[in-house]
Each structure stands twice: as structure tokens, then as C-alpha cells.
2 protein chains.
Amino acid sequence: MALTMYQLSIPALIRGLGVLTKLLDKAEAFARDNGISSGDLVNARLAPDMLTLAGQVQRVSDTSKGLVGRLTSIEVPRFPDEEKTLDELRQRIANTVAFLETVRPVDLEDSASRQVVLNFPTLKVTLTGEEYLLRFVLPNFYFHLTTAYDILRHNGVPIGKGDFLSLTA
Amino acid sequence: MALTMYQLSIPALIRGLGVLTKLLDKAEAFARDNGISSGDLVNARLAPDMLTLAGQVQRVSDTSKGLVGRLTSIEVPRFPDEEKTLDELRQRIANTVAFLETVRPVDLEDSASRQVVLNFPTLKVTLTGEEYLLRFVLPNFYFHLTTAYDILRHNGVPIGKGDFLSLTA
């Protein structure tokens, strides 16, 4: 029994984006209850040269839709990085989910062997679709999702591991 | 073209554990160069009620070997959570990798449909092997790997996204 590229990607990304929405819901409630500006949370970061919460959410979004752009022939929407509030970040996530929901299993059918070229500032990496999913998309998606969570925890938002995993009986 | 449970798990876990070792190497060099006790880094955390760096590394190790315990009939080694130095944490990772390297593709052959029960303090979750991999193992593994990275970044260790992804041309 084996798993398809679709099964491994789209449902997991939609699931993680749902988790992120709920984390931001709790952040909004925390800010309101404690008289904290929600903009302060949006601009919070763990180190001076790391991305802010907004940046982490934007990269979660981009990593998700980037998979579709690189592994299918579907045109990917552009979302400018202009969100300044928790509400705008939630809208960015909702737009990303709505786009991912248009992707069908057949769209990713031949993607495991497709060639993917990643251009970083000082590095050009050529991978198969399968390598791209396992070595870039999943680690990078969870990296930014977790760092968003870590920024919120570090700033006192009452969230826990259960919110991150979001498993149910 | 589809991917097996082995392809999706063991190589990705070994790869992530290798990344974690290199992050700890850089943490050790940073501590030495800046007259910081390596024990201070081992006990660092992002929030009072979050796990320390040691705890994050231990959970990366446990999530990795737990997959083998839950999806195969192989006996899994116990590693007590007693590491107090960066060097002991690196040894924990090395022992985990050595164990994962003994797992063969055939050991995970029928694991996608195997029933897995996760017992959390207030929640009992029943999943298929496939759901367990996609909803628990990978998110949880990258959660603790990323949080270890975030703790180090927050404490000034000069690491970057390139170290986390560890892609090569």
C-alpha cells in the first residue's frame, strides 16, 4: 500500500492551515483580553533577524501554494505580503485554503518525478517532485507553522501542543 | 507513482536528525566562543511552561523511534531523558539514527493500514498507520526540531534557514 503525492500534500497543508487559523483566533482573544495591540503580536519575532509572525504566516501560505505552482500546471494566485492585522492574516490563510481546495488528485498525478528547480539567493537546487515534497515543502511548511506557534507561546498566548496537533478521539 | 511508508518516514527522520546534530554543533561552538555555559543552552526554553532544548531533542528522538515501535514489530530501545550537555544530546541523536538505520523497507510494508492508538493524558486517539504518520509523526517531529532551532536562534546562535533545510546543489 502506497500513498500518492496528493494524499501526502494537499490534505496535510489544508489541515495545518486550519490549525494556524485557530492559533490566530486564540491570539486575537488573548490580545483583546489583555489590552495588547494585535499589531504587536503580528510584528513579534524570536530574534532580530528572524521573520515576524506575519512573515511566518505568509511563508506558510507561500509554501502551500508554491507546491501547486511547481508540481502542477495550475496558475497560482499572488498574495502580496501586506497583512498588518491578525484578521488580515486569517484572510490570507482562508484564501490559501480556498485555492488548495480547487486542486484535484489528478492534478498531482505525475508530479513525483517532475523536475523542480529552487532558486535561493546563493544556491540553485534541482530536485524531483518527490524530493521537493519531502525535503522542502513539508519541513518548510511545518517550520513556519511551528515558529508562528513559538512566537505566540513566547508572547504568552495560552495555546498548547494539543492545539498544534489538533487530534480528536 | 506512489510513495511507500518507509520512503516517507525513515529517510526523512534520519535527515532531520542529521540537521539537528549540526545545529547542536554550531550551538557548542557558539557557547565556547562566547563564554556561555553549554548547560545554559541545554536548559533554555521559549516560555516557562514549554520544554527546554533538551526536552525538544528528546521528543525528536522519541517521535522517531516511536514510529518504529508503533508501525513494526521491532523492539525499540529506551533512552532515559537524562542528557545534561550538548554532547550528551548529540549522543542521543546518534543512538536514534543508529537504531533507525536498522529498519528496512519491508518492516514497514503493511503499516499504512495498521491500527495505532495514541494515549494522551486527556485524549485517546485511534488512527491508521497512514494517518499516524501524516497527522502525528511528521508534524510532531518537525515541531520539536523547529522549536530546538527557534530556542537556539532566540539565544543568539548563528544558524539560519539554510541549516534547517540543508539542501545542496
Side-chain angles (χ1 to χ4, degrees), chain A residues 1-5 7-8 11-12 15-16 19 45-51 59 109-113 118 120-127 129-131 133-136 138-147 149-158 160-162 164-169, chain B residues 1-5 7-8 11-12 15-16 19 45-51 59 109-113 118 120-127 129-131 133-136 138-147 149-158 160-162 164-169:
Chain A
M1 188 168 160
L3 293 149
T4 65
M5 291 288 286
Q7 284 175 297
L8 293 169
R15 184 175 166 79
V19 165
R45 59 179 102 215
L46 292 172
D49 56 348
M50 284 184 83
L51 292 174
R59 296 297 79 71
E109 212 167 50
D110 299 316
S111 62
S113 56
L118 299 177
F120 298 102
T122 58
L123 181 69
K124 181 179 171 176
V125 182
T126 304
L127 301 168
E130 172 190 327
E131 291 169 338
L133 173 64
L134 296 177
R135 299 186 193 176
F136 180 79
L138 294 179
N140 203 55
F141 179 82
Y142 288 121
F143 176 92
H144 292 294
L145 181 58
T146 302
T147 303
Y149 172 101
D150 284 345
I151 290 171
L152 295 176
R153 279 296 295 270
H154 183 64
N155 283 276
V157 177
K161 193 62 176 307
F164 183 85
L165 291 173
S166 194
L167 296 169
T168 48
Chain B
M1 188 169 162
L3 293 149
T4 66
M5 291 287 287
Q7 283 175 296
L8 293 169
R15 184 176 166 78
V19 165
R45 59 180 102 215
L46 292 172
D49 57 348
M50 284 184 84
L51 292 174
R59 296 296 79 71
E109 211 168 51
D110 299 317
S111 62
S113 56
L118 299 177
F120 298 101
T122 58
L123 181 69
K124 181 179 171 177
V125 182
T126 304
L127 302 168
E130 172 191 326
E131 291 168 339
L133 174 63
L134 296 177
R135 299 186 194 174
F136 179 80
L138 294 179
N140 203 55
F141 179 82
Y142 287 121
F143 176 91
H144 292 293
L145 181 58
T146 301
T147 303
Y149 172 100
D150 285 344
I151 290 171
L152 295 176
R153 279 296 294 271
H154 184 64
N155 282 276
V157 177
K161 193 61 176 306
F164 183 86
L165 291 173
S166 195
L167 296 169
T168 48

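Worth saying up front: this structure is predicted, and the values here are computed from it rather than measured.
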Working to the nearest 0.5 Å, report the span between [atom1] of [X] and [atom2] of [Y].
X	Y	atom1	atom2	answer
His154(B)	Arg45(A)	NE2	CZ	13.5 Å
Leu46(A)	Leu152(B)	CG	CG	12.0 Å
Thr126(A)	Leu167(B)	OG1	CG	11.0 Å
Gln7(A)	Leu134(B)	CD	CG	8.0 Å

Exercise for the section: With sequence neighbours left out, write down each residue that passes salt bridge (Lys or Arg N to Asp or Glu O under 4.0 Å) with Arg59(A), or none if nothing qualifies. Expected result: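 Here the qualifying residues are Asp62(A), Asp81(A).
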Exercise for the section: Heavy-atom distances under 4.5 Å only: say whether Leu118(A) touches chain B with side chain, backbone, both or neither. Expected result: side chain
Exercise for the section: Tell me, for Asp49(A) versus chain B, whether the close heavy atoms (under 4.5 Å) come from the side chain, the backbone, both or neither. Expected result: both
Exercise for the section: State, to 0.1 Å, how close Leu165(B) and Arg135(A) come at their nearest heavy-atom pair, and which atoms those are. Expected result: CD2-O, 4.1 Å
Handout entry: Closest contact, heavy atoms only, Thr168(A) versus Val125(B)
Key =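 Scanning both residues, the minimum pair turns out to be O-CG1, 3.6 Å.
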Problem - With sequence neighbours excluded, residues passing side-chain hydrogen bond (donor to acceptor under 3.5 Å, both in side chains) with Thr147(B) - result: Asp150(A)
Problem - Partner chain A: residue of Ala47(B), Ala12(B), Pro139(B), Gly162(B) with the largest heavy-atom pair count (under 4.5 Å) - result: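 Top option by heavy-atom pairs under 4.5 Å: Pro139(B).
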Handout entry: Proximal component of Arg15(B), with respect to chain A [non-hydrogen, under 4.5 Å]
Key = side chain
Practice task
Going by the ring pair (Phe, Tyr, Trp, His ring centres under 6.0 Å) test, name the single residue among Tyr142(B), Phe141(B), Tyr149(B) that passes it with Phe143(A).
Solution key: Tyr149(B)
